[in-house]
K.L.:
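This is the structure I want to talk about, given as structure tokens.
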Protein chains: 2
Amino acid sequence: MTLAFASPLDAAEGLPHTIPYYLADRIKAGIIRWRYPPESSLREVELAAEFGASRGPVREALRILEQQGLVVHVPRRGFKVKAYTPDDLRQLYRLRAQLEGEVIDALADKDVGVLTDALERANEVMCFYAKRGDIEKYFAANVDFHQLMIDSTESSVLRTIMHQVNAMSLSIRYALLSSDFSGRGDYDYHARITQALCKRDFKLARNLTIEHITANLARAVEVYAKALRKYEK
Amino acid sequence: MTLAFASPLDAAEGLPHTIPYYLADRIKAGIIRWRYPPESSLREVELAAEFGASRGPVREALRILEQQGLVVHVPRRGFKVKAYTPDDLRQLYRLRAQLEGEVIDALADKDVGVLTDALERANEVMCFYAKRGDIEKYFAANVDFHQLMIDSTESSVLRTIMHQVNAMSLSIRYALLSSDFSGRGDYDYHARITQALCKRDFKLARNLTIEHITANLARAVEVYAKALRKYEK
DNA sequence: CAAATGTAAATTGTCTACAATCCGTCGCTG
DNA sequence: CAGCGACGGATTGTAGACAATTTACATTTG
């Protein structure tokens, strides 16, 4: 998840091999970072010009994001960034907690050696950037930690769904981070979850994960509402 | 009488049917009914010709279905219908059961009067067509029953996610129905769930729903594998 | 006869152009 | 002065054309 505003065409050679995916990533990054705040309209020609593409791929990218719940489309009136109600947020966190718990359950009969190693490393990286005050890197490492677990699942179904839920929650998580950049609590939880996985105590890991995610809910609702007010004027 | 819809949230009205959504609906219907069996490739020009549209909207429709987990896209190699592994199916059913349980939980503080009426009606309709042997109508009514509950949720997040999960499970449910068209078990469960909701016994309704969905899992895996073999030769 | 290679058809990726629709504003009228 | 309607600009919806890549098949070669 890169933030750098690279030049449009040569950068398209990077991760996603086709333009629609590349655009979806970039637009998604913009939404997560509140460069396109909720309710702001995403005009096709503007985006096309910004990224040096044409409208076709832009539309495909927006369709992708629409299905991921990041963007709303009203026919003949265009695409706009989706805004969540407090109730949405509650349901979102609840779902994410439950599903990530499900992910851990699905790990129970697998070898988790490489996973726990990777988790530990991601957590160290996160800690490192926390001390340095680099929000972007910290955020990336934080996301990575959770993503590692999700990617370790064999089930494509679970991965698909988690992908959706995560996409919706990322902008809130980013706002949360920006508002309070201590990161202590997250590091602690991550370490304990990793440890539980090492010991193959999946039940504990599951409960810790659910707790970890749920712990941020109240603050998330508050911060999101505040951020919303800030941008809607 | 919609039995397959592709639009995510269906913004308040349905009239301005734009071509991409229409195509997504039609293609989705084709996938669910195994007209485009798993692993078969969905060629853009073919689809465009079949529905009298051009390739732009077709690509958008395929992107929508891709995000819904019905279609897989490989760059420069096109779109093809997704095939599920037995493990995928197990996870899918587990998820659907759990999430539909979640939907019922979310109903707990609401007035369910109109909902239970509608459920009862849908179930009668289903029963009617079961006796008549009309698979299509029966299937539609069956889907409607579950969809009614989902649509009654306020939370757009839950609706979005359920939409995904449902989309993936529909083709399996259709195969299941075609293979054994008694429909007795479903009717029974639906009636009991409705009754539990009438009495505001949400816990019972939840458990019944989970049981109802899970009950079909084993047979689903079997039937799907069989159908897969039939088409892959 | 098998493997490798070269060519042609098929398919996808992207762009430009044009048609349909919507929103805001200006002017007209009561 | 307020309300209604028409016009213009802006934006989306769709189609068709062209370029790039892949696949399949036939030919050549060891």
K.L.:
Please encode protein proximity along nucleotides 6-11 of chain C as a string of B, S and -, counting only heavy-atom distances under 4.0 Å.
P.N.:
-----S
K.L.:
Shortest non-hydrogen contact from V223(B) to S179(B)?
P.N.:
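Shortest heavy-atom contact: CG2-OG, 3.6 Å.
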K.L.:
Can you tell me how far P of dG13(C) sits from CD1 of I64(A), to the nearest Å?
P.N.:
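Those two atoms, CD1 and P, are 11 Å apart.
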K.L.:
Whole angstroms only, please: what is the OH-P distance between Y22(A) and dG13(C)?
P.N.:
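Atom-to-atom, Y22(A) to dG13(C), this comes out as 18 Å.
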K.L.:
Round to the nearest Å and state the distance from R55(B) atom CZ to dT16(C) atom P.
P.N.:
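In whole Å, dT16(C) P and R55(B) CZ are 16 Å from each other.
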K.L.:
Please determine, for the side chain of P57(B), which listed nucleotide (dA15(D), dC18(D), dG13(D)) has the closest atom?
P.N.:
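Within the option list, the nearest is dA15(D).
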K.L.:
With the side chain of A53(A) defined as its heavy atoms from C-beta on, choose the nearest nucleotide among dT14(D), dT14(C), dC15(C).
P.N.:
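Closest nucleotide to the A53(A) side chain: dC15(C).
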K.L.:
Please determine which of H146(A), E100(A), R173(A) meets the side-chain hydrogen bond (donor to acceptor under 3.5 Å, both in side chains) test together with N166(A).
P.N.:
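Going through H146(A), E100(A), R173(A) one by one, the side-chain hydrogen bond (donor to acceptor under 3.5 Å, both in side chains) with N166(A) is satisfied by R173(A) alone.
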K.L.:
Round to the nearest Å and state the distance from I19(B) atom CD1 to dA15(D) atom C1'.
P.N.:
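Taking atom C1' of dA15(D) as the reference, CD1 of I19(B) is at 10 Å.
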K.L.:
Please report, rounded to the nearest Å, how far the C1' atom of dT12(D) is from the CG atom of L42(A).
P.N.:
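Answer to the nearest Å: 14 Å.
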K.L.:
Please state how far atom CZ in R59(B) lies from atom P in dA15(D), giving the value in whole angstrom units.
P.N.:
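The answer, rounded to whole Å, is 15 Å.
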K.L.:
Quick one: label L23(B) by what it contacts on the DNA or RNA (base, sugar-phosphate, nothing), any heavy atom closer than 4.0 Å.
P.N.:
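Contact class for L23(B): none.
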K.L.:
May I have all residue pairs that pass salt bridge (charged side-chain N to carboxylate O under 4.0 Å, His left out) and include part of residues 145-166 of chain A, sequence neighbours excluded?
P.N.:
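As it turns out, there is no salt bridge (charged side-chain N to carboxylate O under 4.0 Å, His left out) pair with a partner in residues 145-166 of chain A once direct neighbours are skipped.
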K.L.:
Using whole Å, report how far CG of L62(A) lies from C1' of dG13(D).
P.N.:
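It works out to 14 Å between those atoms.
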K.L.:
Just by distance, with hydrogens left out, do D88(B) and S156(A) show a side-chain donor and acceptor under 3.5 Å apart?
P.N.:
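Yes, because at least one side-chain N or O of D88(B) sits under 3.5 Å from a partner of the opposite role on S156(A).
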K.L.:
For the rings on Y174(B) and W34(B), is their centre-to-centre separation under 6.0 Å?
P.N.:
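No - the distance between ring centres of Y174(B) and W34(B) does not fall below the 6.0 Å cut-off.
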K.L.:
In this structure, how many angstroms lie between the C1' atom of dG13(D) and the OH atom of Y21(B), rounded?
P.N.:
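Going from OH in Y21(B) over to C1' in dG13(D) covers 14 Å.
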K.L.:
I'd like to know if the side chain of R33(A) and the backbone of A29(A) have a donor-acceptor N/O pair within less than 3.5 Å.
P.N.:
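Yes.
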K.L.:
Return no unless some side-chain N or O of H73(A) is found under 4.0 Å from OP1 or OP2 of dG13(D).
P.N.:
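For dG13(D), OP1 or OP2 has a side-chain N or O of H73(A) closer than 4.0 Å.
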K.L.:
Apply ring-ring contact (aromatic ring centres under 6.0 Å, His included) to F79(A) and list each qualifying residue two or more places apart in sequence or on a separate chain.
P.N.:
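If we apply the ring-ring contact (aromatic ring centres under 6.0 Å, His included) test to F79(A), skipping adjacent residues, the hits are H73(A).
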